Amino acid sequence: MATILGLTGGIASGKSTVSDMLLNKGYTVIDADLAARQVVEVGQPAYLAIVEEFGRSILNKEDDTINRAKLGDIVFHNEEMRKKLNGIVHPAVRGLMLSEKDQAIESGKNTIIMDIPLLFESELTWMVDRTIVVYVDSETQLSRLMKRNQFTEQEASSRIASQFPLKEKIGLADAVINNNGTIEETEEQLEKILNEWDLRP
Ligand SMILES: CC(C)(COP(=O)(O)OP(=O)(O)OC[C@H]1O[C@@H](n2cnc3c(N)ncnc32)[C@H](O)[C@@H]1O)[C@@H](O)C(=O)NCCC(=O)NCCS
Ligand SMILES: Nc1ncnc2c1ncn2[C@@H]1O[C@H](COP(=O)(O)OP(=O)(O)OP(=O)(O)O)[C@@H](O)[C@H]1O
(Lines give C-alpha, C1' and ligand atoms only; values in the text may rest on other atoms or scores of the structure.)
(Ligands and ions follow the chains in the order given, each with its own letter.)
Protein backbone atom coordinates (compact mmCIF):
# COMPACT_ATOMS: atom_id res chain seq x y z
CA MET A 1 0.00 0.00 0.00
CA ALA A 2 1.36 3.38 -1.01
CA THR A 3 1.52 6.18 1.60
CA ILE A 4 0.12 9.51 0.42
CA LEU A 5 1.80 12.50 2.11
CA GLY A 6 0.23 15.94 2.07
CA LEU A 7 2.92 18.64 2.00
CA THR A 8 1.59 22.07 2.88
CA GLY A 9 2.42 25.36 4.58
CA GLY A 10 1.86 28.99 3.67
CA ILE A 11 2.79 31.07 0.67
CA ALA A 12 6.61 31.26 0.49
CA SER A 13 7.06 29.07 3.58
CA GLY A 14 9.30 26.65 1.67
CA LYS A 15 7.08 23.91 0.22
CA SER A 16 8.81 23.98 -3.17
CA THR A 17 12.20 23.96 -1.42
CA VAL A 18 11.18 20.79 0.48
CA SER A 19 9.54 19.18 -2.56
CA ASP A 20 12.75 19.76 -4.57
CA MET A 21 14.65 17.90 -1.82
CA LEU A 22 12.14 15.05 -2.07
CA LEU A 23 12.45 14.94 -5.88
CA ASN A 24 16.25 14.79 -5.53
CA LYS A 25 15.85 11.81 -3.19
CA GLY A 26 13.78 10.05 -5.87
CA TYR A 27 10.29 10.59 -4.42
CA THR A 28 7.23 11.28 -6.59
CA VAL A 29 5.77 14.74 -6.03
CA ILE A 30 2.44 15.92 -7.41
CA ASP A 31 2.35 19.72 -7.35
CA ALA A 32 -0.96 21.61 -7.04
CA ASP A 33 0.55 24.90 -8.30
CA LEU A 34 1.77 23.12 -11.42
CA ALA A 35 -1.61 21.43 -11.94
CA ALA A 36 -3.28 24.85 -11.48
CA ARG A 37 -1.17 26.16 -14.37
CA GLN A 38 -1.91 23.17 -16.61
CA VAL A 39 -5.70 23.37 -16.23
CA VAL A 40 -5.76 27.04 -17.29
CA GLU A 41 -3.77 26.62 -20.50
CA VAL A 42 -5.40 28.37 -23.47
CA GLY A 43 -8.57 26.58 -24.60
CA GLN A 44 -8.99 24.36 -21.49
CA PRO A 45 -12.48 24.39 -19.87
CA ALA A 46 -11.18 26.27 -16.79
CA TYR A 47 -9.48 28.85 -19.04
CA LEU A 48 -12.74 29.47 -20.93
CA ALA A 49 -14.67 29.81 -17.65
CA ILE A 50 -12.10 32.33 -16.32
CA VAL A 51 -12.33 34.47 -19.49
CA GLU A 52 -16.12 34.39 -19.21
CA GLU A 53 -16.02 35.45 -15.54
CA PHE A 54 -13.14 37.97 -15.56
CA GLY A 55 -13.19 39.23 -19.16
CA ARG A 56 -10.45 39.43 -21.79
CA SER A 57 -8.62 42.24 -19.97
CA ILE A 58 -6.87 39.60 -17.79
CA LEU A 59 -5.25 38.00 -20.89
CA ASN A 60 -1.80 38.70 -22.31
CA LYS A 61 -2.29 40.50 -25.64
CA GLU A 62 0.42 38.55 -27.53
CA ASP A 63 -0.86 35.01 -27.04
CA ASP A 64 -4.14 35.11 -25.06
CA THR A 65 -2.56 33.29 -22.11
CA ILE A 66 -3.70 34.38 -18.66
CA ASN A 67 -1.81 37.37 -17.27
CA ARG A 68 -1.15 35.89 -13.82
CA ALA A 69 0.04 39.15 -12.29
CA LYS A 70 -3.18 40.89 -13.35
CA LEU A 71 -5.43 38.07 -12.19
CA GLY A 72 -3.47 37.84 -8.93
CA ASP A 73 -3.92 41.58 -8.34
CA ILE A 74 -7.68 41.13 -8.63
CA VAL A 75 -8.19 37.98 -6.58
CA PHE A 76 -5.80 38.80 -3.72
CA HIS A 77 -7.63 42.08 -3.13
CA ASN A 78 -11.18 40.78 -3.45
CA GLU A 79 -12.38 37.71 -1.57
CA GLU A 80 -15.50 37.28 -3.68
CA MET A 81 -13.47 37.20 -6.89
CA ARG A 82 -10.97 34.81 -5.29
CA LYS A 83 -13.79 32.46 -4.39
CA LYS A 84 -15.06 32.65 -7.98
CA LEU A 85 -11.59 31.79 -9.31
CA ASN A 86 -11.20 28.97 -6.79
CA GLY A 87 -14.61 27.61 -7.80
CA ILE A 88 -13.43 27.37 -11.41
CA VAL A 89 -9.86 26.16 -10.91
CA HIS A 90 -9.98 23.89 -7.84
CA PRO A 91 -12.28 21.12 -9.17
CA ALA A 92 -10.09 20.81 -12.28
CA VAL A 93 -6.90 20.76 -10.16
CA ARG A 94 -8.34 18.07 -7.88
CA GLY A 95 -9.32 15.91 -10.87
CA LEU A 96 -5.86 16.17 -12.43
CA MET A 97 -4.05 15.51 -9.13
CA LEU A 98 -6.18 12.48 -8.29
CA SER A 99 -5.53 10.94 -11.69
CA GLU A 100 -1.78 11.58 -11.34
CA LYS A 101 -1.91 9.97 -7.89
CA ASP A 102 -3.68 6.89 -9.28
CA GLN A 103 -1.04 6.57 -12.02
CA ALA A 104 1.75 6.79 -9.42
CA ILE A 105 0.06 4.10 -7.30
CA GLU A 106 -0.33 1.86 -10.36
CA SER A 107 3.35 2.24 -11.21
CA GLY A 108 4.24 0.84 -7.77
CA LYS A 109 5.47 3.93 -5.88
CA ASN A 110 5.76 3.46 -2.09
CA THR A 111 5.30 7.13 -1.19
CA ILE A 112 3.49 9.83 -3.14
CA ILE A 113 3.79 13.45 -2.03
CA MET A 114 0.95 15.85 -2.82
CA ASP A 115 2.21 19.45 -2.52
CA ILE A 116 -1.00 21.41 -1.84
CA PRO A 117 -0.76 25.00 -0.50
CA LEU A 118 -4.47 25.11 0.41
CA LEU A 119 -4.71 21.55 1.83
CA PHE A 120 -6.44 22.70 5.04
CA GLU A 121 -8.31 25.74 3.66
CA SER A 122 -9.91 23.60 0.93
CA GLU A 123 -10.52 20.65 3.31
CA LEU A 124 -8.54 18.21 1.18
CA THR A 125 -6.97 16.13 3.96
CA TRP A 126 -9.17 13.17 2.92
CA MET A 127 -6.83 12.86 -0.10
CA VAL A 128 -3.78 12.06 2.05
CA ASP A 129 -2.69 9.69 4.84
CA ARG A 130 -0.40 12.10 6.72
CA THR A 131 0.42 15.78 6.60
CA ILE A 132 3.65 17.78 6.87
CA VAL A 133 3.52 21.55 7.39
CA VAL A 134 6.51 23.64 6.33
CA TYR A 135 6.54 26.49 8.86
CA VAL A 136 8.25 29.87 9.00
CA ASP A 137 7.53 32.77 11.37
CA SER A 138 5.49 35.65 9.95
CA GLU A 139 8.39 38.09 9.54
CA THR A 140 10.43 35.52 7.60
CA GLN A 141 7.40 34.61 5.46
CA LEU A 142 6.76 38.27 4.59
CA SER A 143 10.38 39.06 3.79
CA ARG A 144 10.98 35.88 1.70
CA LEU A 145 7.78 36.50 -0.27
CA MET A 146 8.66 40.16 -0.92
CA LYS A 147 12.14 39.17 -2.03
CA ARG A 148 11.12 36.21 -4.23
CA ASN A 149 8.26 37.95 -6.06
CA GLN A 150 9.52 41.54 -5.91
CA PHE A 151 6.31 42.42 -4.05
CA THR A 152 5.67 45.51 -1.94
CA GLU A 153 4.80 44.80 1.70
CA GLN A 154 1.14 45.44 0.89
CA GLU A 155 1.12 43.01 -2.07
CA ALA A 156 2.79 40.31 0.02
CA SER A 157 0.52 40.85 3.05
CA SER A 158 -2.67 40.59 1.00
CA ARG A 159 -1.53 37.20 -0.32
CA ILE A 160 -0.59 35.95 3.14
CA ALA A 161 -3.97 37.14 4.48
CA SER A 162 -5.82 35.03 1.88
CA GLN A 163 -4.67 31.82 3.62
CA PHE A 164 -5.11 30.37 7.13
CA PRO A 165 -2.48 31.82 9.49
CA LEU A 166 0.53 29.52 9.24
CA LYS A 167 0.65 29.16 13.05
CA GLU A 168 -2.82 27.57 13.01
CA LYS A 169 -1.64 24.94 10.53
CA ILE A 170 0.93 23.64 13.05
CA GLY A 171 -1.85 22.22 15.21
CA LEU A 172 -3.42 20.48 12.20
CA ALA A 173 -0.24 18.74 11.03
CA ASP A 174 1.16 15.26 11.74
CA ALA A 175 4.69 16.70 11.44
CA VAL A 176 6.18 20.18 11.19
CA ILE A 177 9.37 21.31 9.47
CA ASN A 178 10.66 24.61 10.83
CA ASN A 179 12.16 26.40 7.82
CA ASN A 180 13.34 29.55 9.62
CA GLY A 181 16.90 28.26 9.64
CA THR A 182 19.28 27.12 6.93
CA ILE A 183 18.40 24.87 4.00
CA GLU A 184 20.62 22.18 5.61
CA GLU A 185 18.65 22.35 8.87
CA THR A 186 15.43 21.96 6.89
CA GLU A 187 16.77 18.93 5.04
CA GLU A 188 17.83 17.30 8.35
CA GLN A 189 14.28 17.68 9.72
CA LEU A 190 12.85 16.22 6.51
CA GLU A 191 15.17 13.21 6.67
CA LYS A 192 14.22 12.61 10.32
CA ILE A 193 10.51 12.48 9.40
CA LEU A 194 11.11 10.19 6.40
CA ASN A 195 13.11 7.84 8.64
CA GLU A 196 10.64 7.90 11.54
CA TRP A 197 7.75 7.16 9.22
CA ASP A 198 9.86 4.62 7.29
CA LEU A 199 8.99 6.15 3.93
CA ARG A 200 10.80 4.92 0.83
CA PRO A 201 10.34 6.34 -2.73
C1 LIG B 1 -4.02 34.00 -8.87
C2 LIG B 1 -2.95 33.35 -9.69
C3 LIG B 1 -3.22 33.52 -11.20
C4 LIG B 1 -1.59 34.04 -9.37
O5 LIG B 1 -0.57 33.38 -10.05
P6 LIG B 1 0.97 33.48 -9.60
O7 LIG B 1 1.77 32.89 -10.73
O8 LIG B 1 1.27 34.88 -9.17
O9 LIG B 1 1.11 32.59 -8.30
P10 LIG B 1 1.21 30.97 -8.16
O11 LIG B 1 0.11 30.33 -8.92
O12 LIG B 1 2.59 30.55 -8.46
O13 LIG B 1 0.85 30.76 -6.63
C14 LIG B 1 1.79 31.10 -5.62
C15 LIG B 1 1.21 30.81 -4.26
O16 LIG B 1 0.10 31.66 -4.01
C17 LIG B 1 -0.80 31.03 -3.14
N18 LIG B 1 -2.14 30.99 -3.78
C19 LIG B 1 -2.43 30.78 -5.09
N20 LIG B 1 -3.75 30.81 -5.29
C21 LIG B 1 -4.31 31.04 -4.08
C22 LIG B 1 -5.65 31.18 -3.64
N23 LIG B 1 -6.67 31.07 -4.49
N24 LIG B 1 -5.88 31.42 -2.32
C25 LIG B 1 -4.84 31.53 -1.46
N26 LIG B 1 -3.56 31.41 -1.82
C27 LIG B 1 -3.28 31.16 -3.11
C28 LIG B 1 -0.25 29.61 -2.92
O29 LIG B 1 0.51 29.58 -1.74
C30 LIG B 1 0.66 29.41 -4.10
O31 LIG B 1 1.68 28.47 -3.83
C32 LIG B 1 -2.82 31.82 -9.36
O33 LIG B 1 -2.25 31.67 -8.09
C34 LIG B 1 -4.14 31.07 -9.42
O35 LIG B 1 -4.63 30.77 -10.50
N36 LIG B 1 -4.72 30.74 -8.24
C37 LIG B 1 -5.96 30.01 -8.16
C38 LIG B 1 -5.68 28.54 -8.10
C39 LIG B 1 -5.14 28.12 -6.76
O40 LIG B 1 -5.82 28.17 -5.73
N41 LIG B 1 -3.87 27.68 -6.75
C42 LIG B 1 -3.23 27.24 -5.55
C43 LIG B 1 -3.17 25.78 -5.37
S44 LIG B 1 -4.48 24.82 -6.06
N1 LIG C 1 15.77 27.90 4.62
C2 LIG C 1 15.75 28.91 3.74
N3 LIG C 1 16.64 29.92 3.85
C4 LIG C 1 16.62 30.98 2.99
N5 LIG C 1 15.74 31.09 1.97
C6 LIG C 1 14.84 30.13 1.81
C7 LIG C 1 14.78 28.99 2.67
N8 LIG C 1 13.76 28.19 2.27
C9 LIG C 1 13.20 28.79 1.21
N10 LIG C 1 13.83 29.95 0.93
C11 LIG C 1 13.47 30.91 -0.14
O12 LIG C 1 12.20 31.45 0.22
C13 LIG C 1 11.37 31.59 -0.92
C14 LIG C 1 10.09 30.79 -0.71
O15 LIG C 1 10.37 29.39 -0.74
P16 LIG C 1 9.53 28.40 -1.67
O17 LIG C 1 9.43 28.96 -3.06
O18 LIG C 1 10.11 27.04 -1.51
O19 LIG C 1 8.12 28.52 -0.94
P20 LIG C 1 6.70 27.85 -1.29
O21 LIG C 1 6.10 27.49 0.02
O22 LIG C 1 6.86 26.79 -2.30
O23 LIG C 1 5.93 29.10 -1.91
P24 LIG C 1 4.54 29.17 -2.77
O25 LIG C 1 3.43 28.80 -1.87
O26 LIG C 1 4.46 30.59 -3.15
O27 LIG C 1 4.72 28.26 -3.94
C28 LIG C 1 12.19 31.15 -2.12
O29 LIG C 1 12.76 32.28 -2.73
C30 LIG C 1 13.27 30.25 -1.50
O31 LIG C 1 14.43 30.23 -2.26
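Nothing fancy with the numbering, it's 1 onward along the sequence. Atom set for the values below is all heavy atoms of this structure, side chains included, hydrogens, waters and symmetry mates excluded. Note that this is a predicted model, so its numbers are computed, not measured. Read the numbers this way: they start at 1 and go in the same order the structure lists the ligands and their atoms.
- Checked for salt-bridge contact, Lys169 and Glu121 meet the test: a charged N lies under 4.0 Å from a carboxylate O.
- Ranking protein heavy atoms by distance to atom 37 (C) of ligand 1, first place goes to Leu85 CD2, 3.6 Å.
- The minimum heavy-atom distance linking Gly14 with Asn179 is given by the pair CA-ND2, 3.6 Å.
- The closest donor-acceptor contact from the side chain of Asn67 to the backbone of Leu59 lies at 3.5 Å or more, if one exists at all.
- Nearest residue to atom 14 (C) of ligand 1 from Asp115, Val75, Ile11 is Ile11 (criterion: closest heavy atom).
- Scanning the protein for heavy atoms near atom 41 (N) of ligand 1, the closest one is Ala36 CB, 4.0 Å.
- The side-chain heavy atoms of Leu98 and Lys101, taken from C-beta on, include a pair separated by under 4.5 Å.
- In this structure a side-chain-to-backbone donor-acceptor pair under 3.5 Å is missing from Lys15 to Ile116.
- Residues Ile132 and Ile170 do not share a hydrophobic cluster, clusters being chains of Ile/Leu/Val/Met/Phe/Trp/Tyr side chains in contact below 4.5 Å.
- The shortest contact between atom 22 (C) of ligand 1 and any protein heavy atom is with Leu118 CD1, 3.8 Å.
- Note: Leu22 CG to Leu190 CG = 5.0 Å, rounded to the nearest 0.5 Å.
- Annotation: Arg148 places no N or O atom under 3.5 Å from an N or O atom of ligand 1; distance criterion only.
- Closest heavy-atom approach to atom 17 (C) of ligand 1 within the set Arg37, Gln163, Arg159: this belongs to Gln163.
- Within ligand 1, counting atoms from 1 as listed, the ones closer than 4.0 Å to a heavy atom of Ser162 are 25 (C), 26 (N).
- Listed by number with element, the atoms of ligand 1 under 4.0 Å from a non-hydrogen atom of Val89 are 38 (C).
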task: Please report the C-alpha distance between Leu7 and Ser19 in whole Å, then the side-chain angles of each, then the deciding distance to 0.1 Å, and finally whether the side-chain contact (heavy atoms from CB on, under 4.5 Å) criterion is met.
output: CA-CA 8 Å; Leu7 179 67; Ser19 66; 3.9 Å; yes
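- The part of Asn86 lying near ligand 1 is the side chain, judged by heavy-atom distances below 4.0 Å.
- Geometrically, Arg159 engages Phe151 in a cation-pi contact, judged by NZ or CZ lying under 6.0 Å from the ring centre and within 45° of the ring axis.
- For atom 7 (O) of ligand 1, the closest non-hydrogen atom of the protein is Arg68 NE, 2.8 Å.
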When the side chains of residues 191-201 are checked against the rest of the protein, which donor-acceptor pairs come out under 3.5 Å, sequence neighbours left out?
unit_1: Glu191; atom_1: OE2; unit_2: Lys25; atom_2: NZ; d: 2.6
unit_1: Asn195; atom_1: ND2; unit_2: Glu191; atom_2: O; d: 3.3

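- Considering backbone and side-chain atoms alike, His90 places an N or O below 3.5 Å from some N or O of ligand 1.
- The closest side-chain donor-acceptor pair between Thr65 and Asn60 falls under 3.5 angstrom.
- The protein residues lying under 4.0 angstrom from ligand 2, judged by non-hydrogen atoms, are Gly10, Ile11, Ala12, Ser13, Gly14, Lys15, Ser16, Thr17, Asp33, Arg144, Arg148, Asn179, Gly181, Thr182, Ile183.
- Against a heavy-atom cut-off of under 4.0 Å, Asp33 is close to the following atoms of ligand 1: 30 (C), 31 (O), 42 (C), 43 (C).
- In this structure, the protein non-hydrogen atom closest to atom 20 (N) of ligand 1 is Phe76 CZ, 3.8 Å.
- Asp137 has no carboxylate O lying under 4.0 Å from a charged side-chain N of Lys167, or vice versa, which leaves the two without a salt bridge.
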